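So the structure is just underneath, and the comments pick up after that.
All chains are named by letter (A, B, ...) in the order of the sequence lines, taking the proteins before the strands, and each is independently numbered beginning at 1. The structure displayed is predicted, hence computed values, not measured ones.
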Number of protein chains: 2
Amino acid sequence: MGRRVTEKPVLKPVRKERVSRQVFDQLKEQIVKGKWPAGTKLPSENELAKQLNVSRVSVRSALHMLSALGLLETRHGEGTYVRELSGDLYFNALFPLLALSRTNIFDVLEYRRVMDPGAVGLATERATEEDLAELERIYHQMEEYTVDYKAFARADLEFHLTIAKATRNPIFIKVNTIIRDILNASMEGIVRALGIRDGLHYHRQILQALRDKDAVKAEGLMREHVDRTIQRLKEGGEKGEVYDQR
Amino acid sequence: MGRRVTEKPVLKPVRKERVSRQVFDQLKEQIVKGKWPAGTKLPSENELAKQLNVSRVSVRSALHMLSALGLLETRHGEGTYVRELSGDLYFNALFPLLALSRTNIFDVLEYRRVMDPGAVGLATERATEEDLAELERIYHQMEEYTVDYKAFARADLEFHLTIAKATRNPIFIKVNTIIRDILNASMEGIVRALGIRDGLHYHRQILQALRDKDAVKAEGLMREHVDRTIQRLKEGGEKGEVYDQR
DNA sequence: AACATGTGAGTTATCATACAACTATCCATG
DNA sequence: CATGGATAGTTGTATGATAACTCACATGTT
(Lines give C-alpha, C1' and ligand atoms only; values in the text may rest on other atoms or scores of the structure.)
Protein backbone atom coordinates (compact mmCIF):
# COMPACT_ATOMS: atom_id res chain seq x y z
CA MET A 1 0.00 0.00 0.00
CA GLY A 2 2.75 2.46 0.86
CA ARG A 3 2.25 5.42 3.11
CA ARG A 4 -0.05 8.30 2.44
CA VAL A 5 1.30 11.46 0.91
CA THR A 6 -0.45 14.20 2.77
CA GLU A 7 2.42 16.16 4.30
CA LYS A 8 4.46 18.55 2.22
CA PRO A 9 2.52 19.06 -0.95
CA VAL A 10 5.28 18.79 -3.50
CA LEU A 11 2.71 18.89 -6.22
CA LYS A 12 1.71 22.40 -6.99
CA PRO A 13 -1.81 23.02 -8.26
CA VAL A 14 -1.79 23.30 -12.01
CA ARG A 15 -2.04 26.71 -13.47
CA LYS A 16 -5.59 27.26 -14.61
CA GLU A 17 -5.92 30.85 -15.63
CA ARG A 18 -9.11 31.79 -17.38
CA VAL A 19 -8.81 32.74 -21.00
CA SER A 20 -10.65 36.01 -20.55
CA ARG A 21 -8.37 36.85 -17.66
CA GLN A 22 -5.32 36.30 -19.84
CA VAL A 23 -6.76 38.51 -22.51
CA PHE A 24 -7.56 41.10 -19.88
CA ASP A 25 -4.00 41.09 -18.62
CA GLN A 26 -2.48 41.31 -22.06
CA LEU A 27 -4.64 44.24 -23.07
CA LYS A 28 -4.01 45.97 -19.79
CA GLU A 29 -0.32 45.57 -20.29
CA GLN A 30 -0.43 47.19 -23.69
CA ILE A 31 -2.12 50.20 -22.18
CA VAL A 32 0.01 50.38 -19.08
CA LYS A 33 3.24 50.05 -20.97
CA GLY A 34 2.22 52.89 -23.18
CA LYS A 35 2.14 50.91 -26.38
CA TRP A 36 -1.41 52.09 -26.76
CA PRO A 37 -1.50 55.68 -25.56
CA ALA A 38 -4.73 57.44 -24.77
CA GLY A 39 -6.93 57.88 -27.81
CA THR A 40 -5.62 54.81 -29.58
CA LYS A 41 -8.17 52.80 -31.45
CA LEU A 42 -7.89 49.15 -30.63
CA PRO A 43 -8.03 46.45 -33.29
CA SER A 44 -11.54 45.19 -33.85
CA GLU A 45 -12.88 42.43 -31.69
CA ASN A 46 -12.66 39.99 -34.54
CA GLU A 47 -9.09 40.98 -35.21
CA LEU A 48 -8.12 40.59 -31.56
CA ALA A 49 -9.84 37.24 -31.37
CA LYS A 50 -7.90 36.05 -34.37
CA GLN A 51 -4.57 37.36 -33.11
CA LEU A 52 -5.03 35.90 -29.64
CA ASN A 53 -6.51 32.71 -30.96
CA VAL A 54 -9.55 32.88 -28.71
CA SER A 55 -13.22 33.37 -29.31
CA ARG A 56 -14.77 36.77 -29.65
CA VAL A 57 -16.70 36.16 -26.44
CA SER A 58 -13.53 36.04 -24.38
CA VAL A 59 -12.23 39.18 -26.00
CA ARG A 60 -15.46 40.99 -25.27
CA SER A 61 -15.42 39.83 -21.69
CA ALA A 62 -12.01 41.40 -21.20
CA LEU A 63 -13.00 44.57 -23.02
CA HIS A 64 -16.08 44.96 -20.87
CA MET A 65 -14.10 44.69 -17.69
CA LEU A 66 -11.55 47.20 -18.88
CA SER A 67 -14.25 49.67 -19.79
CA ALA A 68 -15.93 49.18 -16.44
CA LEU A 69 -12.63 50.13 -14.84
CA GLY A 70 -12.40 53.22 -17.00
CA LEU A 71 -9.43 52.27 -19.14
CA LEU A 72 -11.37 51.77 -22.34
CA GLU A 73 -14.37 53.23 -24.02
CA THR A 74 -16.31 51.39 -26.68
CA ARG A 75 -18.45 53.20 -29.18
CA HIS A 76 -21.10 51.13 -30.88
CA GLY A 77 -20.41 50.68 -34.54
CA GLU A 78 -17.20 52.65 -34.35
CA GLY A 79 -14.63 50.89 -32.26
CA THR A 80 -12.91 50.69 -28.91
CA TYR A 81 -10.58 53.41 -27.71
CA VAL A 82 -8.11 53.92 -24.91
CA ARG A 83 -9.59 56.43 -22.57
CA GLU A 84 -8.10 59.73 -21.55
CA LEU A 85 -7.44 60.01 -17.85
CA SER A 86 -9.31 63.29 -17.74
CA GLY A 87 -12.68 62.14 -16.55
CA ASP A 88 -12.09 61.91 -12.86
CA LEU A 89 -14.56 60.07 -10.77
CA TYR A 90 -17.38 59.55 -13.15
CA PHE A 91 -17.96 56.15 -11.81
CA ASN A 92 -17.76 57.05 -8.19
CA ALA A 93 -20.76 59.22 -8.73
CA LEU A 94 -22.72 56.01 -8.91
CA PHE A 95 -21.73 54.96 -5.46
CA PRO A 96 -22.20 57.82 -3.07
CA LEU A 97 -25.08 55.96 -1.49
CA LEU A 98 -22.76 53.37 -0.12
CA ALA A 99 -22.58 53.89 3.55
CA LEU A 100 -19.37 52.55 4.91
CA SER A 101 -19.16 50.66 8.13
CA ARG A 102 -17.10 52.02 10.96
CA THR A 103 -14.26 49.66 10.34
CA ASN A 104 -14.04 50.85 6.78
CA ILE A 105 -13.84 54.47 7.81
CA PHE A 106 -11.09 53.66 10.24
CA ASP A 107 -9.20 52.03 7.41
CA VAL A 108 -9.51 55.19 5.43
CA LEU A 109 -8.44 57.38 8.31
CA GLU A 110 -5.54 55.11 9.12
CA TYR A 111 -4.42 55.54 5.54
CA ARG A 112 -4.80 59.27 5.74
CA ARG A 113 -2.80 59.27 8.94
CA VAL A 114 0.19 58.15 6.93
CA MET A 115 -0.46 60.00 3.71
CA ASP A 116 -1.35 63.49 4.84
CA PRO A 117 1.73 64.19 6.94
CA GLY A 118 3.81 63.17 3.96
CA ALA A 119 1.75 65.35 1.69
CA VAL A 120 2.03 68.42 3.86
CA GLY A 121 5.76 67.84 4.04
CA LEU A 122 6.06 68.01 0.28
CA ALA A 123 3.64 70.90 0.17
CA THR A 124 5.90 73.04 2.32
CA GLU A 125 8.45 72.94 -0.45
CA ARG A 126 6.15 73.34 -3.38
CA ALA A 127 3.12 75.36 -2.38
CA THR A 128 2.69 78.51 -4.40
CA GLU A 129 1.26 81.80 -3.18
CA GLU A 130 -2.00 80.80 -4.81
CA ASP A 131 -2.12 77.54 -2.89
CA LEU A 132 -1.58 79.34 0.38
CA ALA A 133 -4.24 81.89 -0.49
CA GLU A 134 -6.66 79.09 -1.28
CA LEU A 135 -5.93 77.41 2.02
CA GLU A 136 -6.45 80.70 3.79
CA ARG A 137 -9.77 81.12 2.06
CA ILE A 138 -10.94 77.69 3.14
CA TYR A 139 -9.75 78.31 6.65
CA HIS A 140 -11.82 81.45 6.91
CA GLN A 141 -14.78 79.53 5.56
CA MET A 142 -14.41 77.14 8.43
CA GLU A 143 -14.37 79.99 10.88
CA GLU A 144 -17.72 81.10 9.56
CA TYR A 145 -19.28 77.68 9.50
CA THR A 146 -18.89 76.96 13.19
CA VAL A 147 -22.62 76.48 13.45
CA ASP A 148 -23.16 74.40 10.35
CA TYR A 149 -21.37 71.21 11.16
CA LYS A 150 -21.84 69.74 7.76
CA ALA A 151 -20.43 72.69 5.89
CA PHE A 152 -17.60 72.83 8.38
CA ALA A 153 -16.66 69.23 7.79
CA ARG A 154 -16.87 69.75 4.06
CA ALA A 155 -14.45 72.64 4.28
CA ASP A 156 -12.22 70.54 6.48
CA LEU A 157 -11.99 67.87 3.79
CA GLU A 158 -11.37 70.51 1.17
CA PHE A 159 -8.47 71.84 3.20
CA HIS A 160 -6.77 68.49 3.14
CA LEU A 161 -7.35 68.03 -0.55
CA THR A 162 -5.90 71.45 -1.30
CA ILE A 163 -2.75 70.51 0.52
CA ALA A 164 -2.54 67.38 -1.58
CA LYS A 165 -2.89 69.48 -4.70
CA ALA A 166 0.00 71.61 -3.57
CA THR A 167 2.29 68.60 -3.76
CA ARG A 168 1.88 68.69 -7.54
CA ASN A 169 1.94 64.90 -7.44
CA PRO A 170 -1.03 63.36 -9.28
CA ILE A 171 -1.07 60.28 -7.09
CA PHE A 172 -1.47 62.26 -3.90
CA ILE A 173 -4.15 64.34 -5.56
CA LYS A 174 -6.12 61.44 -6.92
CA VAL A 175 -6.05 59.38 -3.78
CA ASN A 176 -6.94 62.34 -1.63
CA THR A 177 -9.84 63.15 -3.92
CA ILE A 178 -11.23 59.69 -3.45
CA ILE A 179 -10.82 59.88 0.30
CA ARG A 180 -12.62 63.19 0.36
CA ASP A 181 -15.53 61.65 -1.52
CA ILE A 182 -15.71 58.67 0.79
CA LEU A 183 -15.69 60.73 3.93
CA ASN A 184 -18.09 63.18 2.39
CA ALA A 185 -20.55 60.41 1.75
CA SER A 186 -20.27 59.02 5.25
CA MET A 187 -20.14 62.37 6.87
CA GLU A 188 -23.30 62.34 8.92
CA GLY A 189 -21.53 60.18 11.41
CA ILE A 190 -18.15 61.79 11.64
CA VAL A 191 -19.24 65.38 11.79
CA ARG A 192 -19.43 65.43 15.56
CA ALA A 193 -16.18 63.63 15.96
CA LEU A 194 -14.29 66.11 13.84
CA GLY A 195 -14.86 68.75 16.47
CA ILE A 196 -14.88 72.42 15.77
CA ARG A 197 -12.54 73.25 18.59
CA ASP A 198 -9.55 71.22 17.47
CA GLY A 199 -10.21 71.59 13.80
CA LEU A 200 -9.70 75.30 13.66
CA HIS A 201 -6.72 75.14 15.95
CA TYR A 202 -4.79 72.59 13.95
CA HIS A 203 -5.64 73.97 10.55
CA ARG A 204 -4.48 77.42 11.58
CA GLN A 205 -1.21 76.07 12.86
CA ILE A 206 -0.63 73.90 9.84
CA LEU A 207 -1.23 76.84 7.60
CA GLN A 208 1.30 78.83 9.58
CA ALA A 209 3.87 76.05 9.33
CA LEU A 210 3.33 75.99 5.59
CA ARG A 211 3.99 79.70 5.39
CA ASP A 212 7.13 79.27 7.47
CA LYS A 213 8.18 76.39 5.28
CA ASP A 214 8.70 74.31 8.38
CA ALA A 215 8.18 70.81 7.07
CA VAL A 216 8.90 68.97 10.28
CA LYS A 217 6.45 71.04 12.23
CA ALA A 218 3.78 70.75 9.58
CA GLU A 219 4.13 66.99 9.47
CA GLY A 220 3.95 66.69 13.20
CA LEU A 221 0.88 68.85 13.43
CA MET A 222 -0.86 66.94 10.68
CA ARG A 223 -0.18 63.62 12.29
CA GLU A 224 -1.48 64.91 15.60
CA HIS A 225 -4.54 66.29 13.87
CA VAL A 226 -5.49 63.04 12.19
CA ASP A 227 -4.68 61.09 15.31
CA ARG A 228 -7.08 63.14 17.35
CA THR A 229 -9.77 62.76 14.73
CA ILE A 230 -9.44 59.00 14.86
CA GLN A 231 -9.42 59.05 18.63
CA ARG A 232 -12.53 61.20 18.79
CA LEU A 233 -14.32 58.98 16.36
CA LYS A 234 -13.47 55.93 18.40
CA GLU A 235 -14.71 57.49 21.61
CA GLY A 236 -17.91 58.57 19.97
CA GLY A 237 -18.42 55.15 18.54
CA GLU A 238 -17.90 53.43 21.83
CA LYS A 239 -20.37 55.69 23.51
CA GLY A 240 -22.80 54.88 20.79
CA GLU A 241 -23.40 58.53 20.06
CA VAL A 242 -22.27 58.29 16.55
CA TYR A 243 -23.85 56.86 13.50
CA ASP A 244 -24.60 53.30 12.75
CA GLN A 245 -25.27 53.57 9.05
CA ARG A 246 -28.08 51.17 8.44
CA MET B 1 -38.98 76.28 -47.41
CA GLY B 2 -39.22 77.81 -43.94
CA ARG B 3 -36.23 78.35 -41.78
CA ARG B 4 -33.98 75.61 -40.66
CA VAL B 5 -34.27 74.25 -37.19
CA THR B 6 -30.74 74.00 -35.99
CA GLU B 7 -30.76 76.08 -32.83
CA LYS B 8 -32.18 74.76 -29.58
CA PRO B 9 -32.68 71.10 -30.09
CA VAL B 10 -36.08 70.58 -28.52
CA LEU B 11 -36.01 67.04 -29.75
CA LYS B 12 -34.05 64.85 -27.43
CA PRO B 13 -32.28 61.88 -28.90
CA VAL B 14 -34.33 58.77 -28.42
CA ARG B 15 -33.44 56.62 -25.50
CA LYS B 16 -31.31 53.84 -26.80
CA GLU B 17 -29.91 52.15 -23.78
CA ARG B 18 -28.03 48.98 -24.35
CA VAL B 19 -29.53 45.83 -22.99
CA SER B 20 -26.41 44.87 -21.10
CA ARG B 21 -26.34 48.32 -19.57
CA GLN B 22 -29.89 47.95 -18.34
CA VAL B 23 -29.08 44.61 -16.81
CA PHE B 24 -26.01 46.14 -15.23
CA ASP B 25 -28.05 48.91 -13.68
CA GLN B 26 -30.72 46.62 -12.37
CA LEU B 27 -28.26 44.28 -10.75
CA LYS B 28 -26.26 47.14 -9.34
CA GLU B 29 -29.37 48.59 -7.78
CA GLN B 30 -30.21 45.35 -6.04
CA ILE B 31 -26.77 45.32 -4.49
CA VAL B 32 -26.45 48.96 -3.59
CA LYS B 33 -29.92 49.12 -2.11
CA GLY B 34 -29.13 46.19 0.07
CA LYS B 35 -31.72 43.83 -1.36
CA TRP B 36 -28.89 41.48 -2.04
CA PRO B 37 -26.61 41.78 0.98
CA ALA B 38 -23.03 40.61 0.95
CA GLY B 39 -22.70 36.89 0.51
CA THR B 40 -25.94 36.51 -1.38
CA LYS B 41 -25.83 33.99 -4.16
CA LEU B 42 -27.32 35.36 -7.32
CA PRO B 43 -29.69 33.37 -9.49
CA SER B 44 -27.88 31.47 -12.18
CA GLU B 45 -27.12 33.16 -15.46
CA ASN B 46 -29.78 31.14 -17.21
CA GLU B 47 -32.30 32.07 -14.57
CA LEU B 48 -31.46 35.76 -14.79
CA ALA B 49 -31.64 35.66 -18.55
CA LYS B 50 -35.09 34.14 -18.38
CA GLN B 51 -36.34 36.56 -15.76
CA LEU B 52 -35.02 39.61 -17.58
CA ASN B 53 -36.01 38.29 -20.95
CA VAL B 54 -32.58 38.79 -22.49
CA SER B 55 -29.91 36.49 -23.74
CA ARG B 56 -27.36 34.96 -21.47
CA VAL B 57 -24.68 36.96 -23.28
CA SER B 58 -26.09 40.23 -22.02
CA VAL B 59 -26.36 38.92 -18.50
CA ARG B 60 -22.78 37.77 -18.55
CA SER B 61 -21.62 41.10 -19.90
CA ALA B 62 -23.20 42.86 -16.94
CA LEU B 63 -21.87 40.33 -14.48
CA HIS B 64 -18.36 40.73 -15.79
CA MET B 65 -18.42 44.45 -15.39
CA LEU B 66 -19.77 44.19 -11.88
CA SER B 67 -17.05 41.77 -10.89
CA ALA B 68 -14.41 43.98 -12.43
CA LEU B 69 -15.67 46.74 -10.18
CA GLY B 70 -15.48 44.46 -7.20
CA LEU B 71 -19.18 44.21 -6.44
CA LEU B 72 -19.51 40.60 -7.45
CA GLU B 73 -17.39 37.51 -7.39
CA THR B 74 -18.05 34.57 -9.66
CA ARG B 75 -16.76 31.13 -8.87
CA HIS B 76 -16.50 28.76 -11.76
CA GLY B 77 -18.99 25.96 -11.49
CA GLU B 78 -20.43 27.30 -8.28
CA GLY B 79 -22.21 30.56 -8.80
CA THR B 80 -22.00 34.31 -8.48
CA TYR B 81 -21.92 36.02 -5.09
CA VAL B 82 -22.24 39.54 -3.78
CA ARG B 83 -19.01 40.75 -2.29
CA GLU B 84 -18.52 42.69 0.87
CA LEU B 85 -18.91 46.36 0.11
CA SER B 86 -15.75 47.83 1.46
CA GLY B 87 -13.98 51.11 1.19
CA ASP B 88 -11.41 49.86 -1.23
CA LEU B 89 -14.18 49.59 -3.77
CA TYR B 90 -13.89 53.31 -4.32
CA PHE B 91 -10.26 52.95 -5.07
CA ASN B 92 -11.03 51.14 -8.28
CA ALA B 93 -11.19 54.66 -9.60
CA LEU B 94 -7.41 54.61 -9.33
CA PHE B 95 -7.21 52.16 -12.15
CA PRO B 96 -7.01 54.76 -14.89
CA LEU B 97 -3.81 55.87 -13.24
CA LEU B 98 -2.27 52.91 -14.95
CA ALA B 99 -2.84 54.61 -18.25
CA LEU B 100 -0.60 57.52 -17.44
CA SER B 101 1.87 55.48 -15.51
CA ARG B 102 4.91 56.15 -17.57
CA THR B 103 4.56 59.88 -17.46
CA ASN B 104 6.42 60.01 -14.25
CA ILE B 105 7.81 57.16 -12.32
CA PHE B 106 9.23 59.63 -9.88
CA ASP B 107 5.74 60.63 -8.86
CA VAL B 108 5.02 57.05 -8.06
CA LEU B 109 8.23 56.58 -6.14
CA GLU B 110 7.72 59.81 -4.27
CA TYR B 111 4.37 58.50 -3.20
CA ARG B 112 5.85 55.20 -2.18
CA ARG B 113 8.50 57.03 -0.21
CA VAL B 114 5.73 58.31 2.03
CA MET B 115 3.44 55.31 2.16
CA ASP B 116 5.77 52.36 2.50
CA PRO B 117 7.45 53.46 5.71
CA GLY B 118 4.00 53.95 7.17
CA ALA B 119 2.92 50.56 5.93
CA VAL B 120 5.91 48.77 7.37
CA GLY B 121 5.27 50.53 10.65
CA LEU B 122 1.78 49.11 10.83
CA ALA B 123 3.03 45.77 9.62
CA THR B 124 5.38 45.40 12.57
CA GLU B 125 2.33 45.33 14.81
CA ARG B 126 0.13 43.13 12.69
CA ALA B 127 2.24 40.75 10.65
CA THR B 128 1.48 37.10 11.33
CA GLU B 129 3.92 34.23 11.21
CA GLU B 130 2.61 33.44 7.75
CA ASP B 131 3.33 36.96 6.55
CA LEU B 132 6.88 36.76 7.81
CA ALA B 133 7.35 33.36 6.22
CA GLU B 134 6.08 34.73 2.93
CA LEU B 135 8.47 37.66 3.13
CA GLU B 136 11.29 35.28 3.89
CA ARG B 137 10.35 33.19 0.88
CA ILE B 138 10.42 36.21 -1.39
CA TYR B 139 13.71 37.33 0.08
CA HIS B 140 15.30 34.01 -0.72
CA GLN B 141 13.91 34.23 -4.21
CA MET B 142 15.75 37.50 -4.60
CA GLU B 143 18.96 35.89 -3.44
CA GLU B 144 18.63 33.35 -6.21
CA TYR B 145 17.71 35.84 -8.88
CA THR B 146 20.85 37.91 -8.62
CA VAL B 147 21.59 37.20 -12.24
CA ASP B 148 18.11 37.72 -13.63
CA TYR B 149 17.53 41.41 -13.06
CA LYS B 150 13.98 41.30 -14.20
CA ALA B 151 12.95 38.52 -11.87
CA PHE B 152 14.84 40.22 -9.11
CA ALA B 153 12.96 43.45 -9.55
CA ARG B 154 9.68 41.61 -9.72
CA ALA B 155 10.40 39.93 -6.41
CA ASP B 156 11.37 43.30 -5.00
CA LEU B 157 7.97 44.70 -5.86
CA GLU B 158 6.30 41.64 -4.45
CA PHE B 159 8.15 42.14 -1.19
CA HIS B 160 6.72 45.61 -0.81
CA LEU B 161 3.22 44.45 -1.66
CA THR B 162 3.42 41.67 0.88
CA ILE B 163 4.28 44.18 3.56
CA ALA B 164 1.24 46.19 2.53
CA LYS B 165 -0.87 43.07 2.86
CA ALA B 166 0.45 42.57 6.36
CA THR B 167 -1.12 45.87 7.42
CA ARG B 168 -4.51 44.22 7.00
CA ASN B 169 -5.74 47.55 5.68
CA PRO B 170 -7.47 47.12 2.32
CA ILE B 171 -6.58 50.63 1.20
CA PHE B 172 -2.89 50.06 1.63
CA ILE B 173 -3.21 46.79 -0.22
CA LYS B 174 -5.21 48.15 -3.10
CA VAL B 175 -3.06 51.18 -3.75
CA ASN B 176 0.13 49.21 -3.41
CA THR B 177 -1.16 46.67 -5.90
CA ILE B 178 -1.70 49.39 -8.45
CA ILE B 179 1.72 50.84 -7.78
CA ARG B 180 3.26 47.44 -8.27
CA ASP B 181 1.54 47.15 -11.64
CA ILE B 182 2.76 50.56 -12.69
CA LEU B 183 6.35 49.91 -11.72
CA ASN B 184 6.18 46.44 -13.18
CA ALA B 185 5.32 47.93 -16.52
CA SER B 186 8.17 50.40 -16.37
CA MET B 187 10.59 47.90 -15.12
CA GLU B 188 13.01 47.68 -17.99
CA GLY B 189 14.19 51.06 -16.90
CA ILE B 190 14.37 50.73 -13.18
CA VAL B 191 15.95 47.35 -13.07
CA ARG B 192 19.46 48.74 -13.19
CA ALA B 193 18.69 51.44 -10.71
CA LEU B 194 17.31 49.03 -8.16
CA GLY B 195 20.67 47.50 -7.76
CA ILE B 196 21.21 44.04 -6.40
CA ARG B 197 23.68 45.14 -3.80
CA ASP B 198 21.47 47.50 -1.83
CA GLY B 199 18.25 45.64 -2.47
CA LEU B 200 19.24 42.51 -0.66
CA HIS B 201 20.81 44.44 2.15
CA TYR B 202 17.80 46.57 2.93
CA HIS B 203 15.24 43.86 2.50
CA ARG B 204 17.11 41.60 4.86
CA GLN B 205 17.35 44.31 7.47
CA ILE B 206 13.72 45.29 7.10
CA LEU B 207 12.71 41.69 7.52
CA GLN B 208 14.78 41.50 10.66
CA ALA B 209 13.22 44.66 12.03
CA LEU B 210 9.81 43.18 11.37
CA ARG B 211 10.74 40.08 13.32
CA ASP B 212 12.02 42.21 16.17
CA LYS B 213 8.86 44.27 16.03
CA ASP B 214 10.98 47.39 15.89
CA ALA B 215 8.69 49.80 14.08
CA VAL B 216 10.95 52.82 14.23
CA LYS B 217 13.86 50.94 12.75
CA ALA B 218 11.74 49.36 10.06
CA GLU B 219 10.34 52.72 9.03
CA GLY B 220 13.75 54.29 8.90
CA LEU B 221 15.18 51.48 6.81
CA MET B 222 12.29 51.59 4.41
CA ARG B 223 12.59 55.32 3.91
CA GLU B 224 16.29 54.96 3.29
CA HIS B 225 15.67 52.13 0.87
CA VAL B 226 13.19 54.04 -1.24
CA ASP B 227 15.33 57.16 -1.06
CA ARG B 228 18.29 55.34 -2.48
CA THR B 229 16.18 53.82 -5.20
CA ILE B 230 15.03 57.26 -6.27
CA GLN B 231 18.54 58.60 -6.13
CA ARG B 232 19.93 55.77 -8.23
CA LEU B 233 17.22 56.18 -10.77
CA LYS B 234 17.92 59.88 -11.04
CA GLU B 235 21.61 59.32 -11.57
CA GLY B 236 20.94 56.72 -14.20
CA GLY B 237 18.40 58.94 -15.88
CA GLU B 238 20.75 61.87 -16.05
CA LYS B 239 23.40 59.75 -17.60
CA GLY B 240 20.83 58.67 -20.09
CA GLU B 241 21.41 55.05 -19.36
CA VAL B 242 17.96 54.39 -18.24
CA TYR B 243 14.80 53.65 -20.00
CA ASP B 244 12.95 55.56 -22.61
CA GLN B 245 10.10 53.13 -23.10
CA ARG B 246 9.57 53.09 -26.76
C1' DA C 1 -18.24 2.96 10.78
C1' DA C 2 -14.88 5.27 7.96
C1' DC C 3 -13.03 6.30 3.76
C1' DA C 4 -12.47 6.27 -1.16
C1' DT C 5 -14.60 6.44 -5.55
C1' DG C 6 -18.12 7.18 -8.90
C1' DT C 7 -22.02 9.61 -10.67
C1' DG C 8 -25.07 13.20 -11.74
C1' DA C 9 -27.11 17.79 -11.45
C1' DG C 10 -26.20 22.49 -11.55
C1' DT C 11 -23.19 26.28 -12.77
C1' DT C 12 -19.86 29.11 -15.10
C1' DA C 13 -16.40 29.40 -19.16
C1' DT C 14 -15.66 29.09 -23.83
C1' DC C 15 -16.67 28.44 -28.55
C1' DA C 16 -18.90 29.07 -33.20
C1' DT C 17 -22.22 31.33 -35.97
C1' DA C 18 -25.58 34.37 -37.27
C1' DC C 19 -27.94 38.57 -37.39
C1' DA C 20 -29.23 43.32 -35.70
C1' DA C 21 -27.83 48.02 -34.90
C1' DC C 22 -24.79 51.61 -35.45
C1' DT C 23 -21.00 54.72 -37.70
C1' DA C 24 -18.29 56.64 -41.12
C1' DT C 25 -17.26 57.16 -45.81
C1' DC C 26 -17.80 57.30 -50.56
C1' DC C 27 -20.47 58.29 -54.56
C1' DA C 28 -24.08 59.10 -57.77
C1' DT C 29 -27.88 62.09 -58.38
C1' DG C 30 -30.52 66.18 -58.74
C1' DC D 1 -23.26 71.57 -53.33
C1' DA D 2 -26.52 69.32 -50.65
C1' DT D 3 -29.11 65.06 -50.46
C1' DG D 4 -29.77 60.49 -50.06
C1' DG D 5 -28.36 55.78 -50.73
C1' DA D 6 -25.29 52.09 -50.84
C1' DT D 7 -21.57 49.83 -48.54
C1' DA D 8 -18.07 48.17 -45.53
C1' DG D 9 -16.53 47.87 -40.95
C1' DT D 10 -17.64 47.65 -36.11
C1' DT D 11 -20.00 46.65 -31.81
C1' DG D 12 -24.35 44.60 -29.62
C1' DT D 13 -27.41 40.67 -29.03
C1' DA D 14 -29.19 36.07 -29.64
C1' DT D 15 -28.88 30.99 -29.87
C1' DG D 16 -27.13 26.56 -29.16
C1' DA D 17 -23.61 23.54 -28.03
C1' DT D 18 -19.71 21.88 -25.38
C1' DA D 19 -16.01 22.04 -21.86
C1' DA D 20 -14.65 22.71 -17.13
C1' DC D 21 -15.70 23.03 -12.61
C1' DT D 22 -18.14 22.40 -7.83
C1' DC D 23 -20.97 20.23 -4.83
C1' DA D 24 -23.77 16.71 -2.90
C1' DC D 25 -25.22 12.24 -2.80
C1' DA D 26 -24.94 7.48 -3.75
C1' DT D 27 -22.07 3.46 -4.01
C1' DG D 28 -18.57 0.56 -3.00
C1' DT D 29 -14.44 -0.91 -0.23
C1' DT D 30 -12.05 -1.89 3.84
Side-chain angles (χ1 to χ4, degrees), chain A residues 1-7 9 11-27 36 39-83, chain B residues 1-6 11-27 36 39-83:
Chain A
M1 281 276 171
R3 43 193 278 280
R4 282 272 285 294
V5 253
T6 51
E7 63 252 58
L11 272 34
K12 284 180 291 186
V14 296
R15 148 192 206 74
K16 46 178 174 180
E17 203 167 22
R18 308 217 194 310
V19 175
S20 57
R21 175 74 201 183
Q22 294 182 53
V23 176
F24 176 92
D25 285 334
Q26 281 206 50
L27 296 182
W36 290 344
T40 306
K41 179 179 179 182
L42 268 61
S44 78
E45 298 177 350
N46 277 316
E47 182 63 28
L48 286 172
K50 195 161 47 176
Q51 283 186 31
L52 296 164
N53 192 32
V54 298
S55 79
R56 202 181 142 210
V57 177
S58 303
V59 172
R60 283 176 63 76
S61 168
L63 292 177
H64 286 149
M65 294 197 278
L66 287 167
S67 340
L69 290 170
L71 272 97
L72 293 181
E73 176 187 4
T74 73
R75 299 203 271 269
H76 190 177
E78 202 178 340
T80 305
Y81 299 82
V82 179
R83 191 151 191 158
Chain B
M1 281 274 175
R3 45 193 276 280
R4 285 272 285 293
V5 255
T6 52
L11 274 29
K12 285 182 291 188
V14 295
R15 154 191 202 70
K16 46 178 173 178
E17 203 167 22
R18 311 214 196 307
V19 175
S20 56
R21 177 74 201 182
Q22 293 182 52
V23 176
F24 177 91
D25 285 335
Q26 282 204 49
L27 296 182
W36 289 345
T40 306
K41 178 179 178 180
L42 268 62
S44 78
E45 297 178 350
N46 277 317
E47 183 64 27
L48 285 172
K50 196 160 49 175
Q51 282 185 30
L52 296 164
N53 193 33
V54 299
S55 79
R56 202 180 141 213
V57 177
S58 303
V59 172
R60 281 178 63 79
S61 167
L63 292 178
H64 286 149
M65 293 197 279
L66 287 167
S67 357
L69 290 169
L71 277 104
L72 294 180
E73 176 187 4
T74 72
R75 296 184 214 136
H76 189 174
E78 202 177 339
T80 308
Y81 298 82
V82 179
R83 282 184 48 165

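Between the side chain of A/Glu17 and the backbone N or O of A/Gln22, no donor-acceptor pair lies under 3.5 Å. Listed for the B/Glu45 side chain is no donor-acceptor partner under 3.5 Å among the backbone atoms of B/Arg60.
Residues passing the side chain to side chain contact (heavy atoms under 4.5 Å, CB included) test with B/Val57 are B/Ser55, sequence neighbours excluded. Applying the side-chain hydrogen bond (donor to acceptor under 3.5 Å, both in side chains) criterion to A/Arg75, with sequence neighbours excluded, gives A/Glu78.
The stretch residues 44-51 of chain B does not touch DNA chain D, since none of its heavy atoms comes less than 4.0 Å from the strand. Across residues 72-80 of chain B, B/Thr74, B/Arg75, B/His76, B/Gly77, B/Glu78, B/Gly79, B/Thr80 each have a non-hydrogen atom less than 4.0 Å from an atom of DNA chain C (numbered order). For the segment residues 55-64 of chain A, residues with any heavy atom less than 4.0 angstrom from an atom of DNA chain D are, sorted by number, A/Arg56, A/Arg60.
Within the model, atoms CH2 of B/Trp36 and OG1 of B/Thr80 stand 10.0 Å from one another, a figure rounded to the nearest 0.5 Å. Here the straight-line distance linking atom CG of A/Leu63 with atom CG of A/Leu48 works out to 6.5 Å at 0.5 Å rounding. Annotation: the span from A/Glu73 atom CD to A/Arg83 atom CZ amounts to 5.0 Å, rounded to 0.5 Å. Considering OG of B/Ser58 and CZ of B/Arg56, their distance stands at 12.0 Å, rounded to 0.5 Å.
Considering all non-hydrogen atoms of both residues, B/Ala68 and A/Leu69 come closest at O-CD2, 3.5 Å. Considering all non-hydrogen atoms of both residues, A/Ser20 and A/Ser61 come closest at CB-OG, 3.6 Å.
Here the P atom of nucleotide C/dC22 and the CZ atom of B/Arg21 are 17 Å apart, to the nearest Å. As a whole-Å value, the separation of B/Lys41 NZ from D/dT22 P is 13 Å.
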Output a table of nitrogen or oxygen pairs between the protein and nucleotides 24-26 of chain D separated by less than 3.5 Å.
none

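When each of B/Leu72, B/Val82, B/Val23 is checked for a side chain to side chain contact (heavy atoms under 4.5 Å, CB included) with B/Leu66, only B/Leu72 meets the rule.
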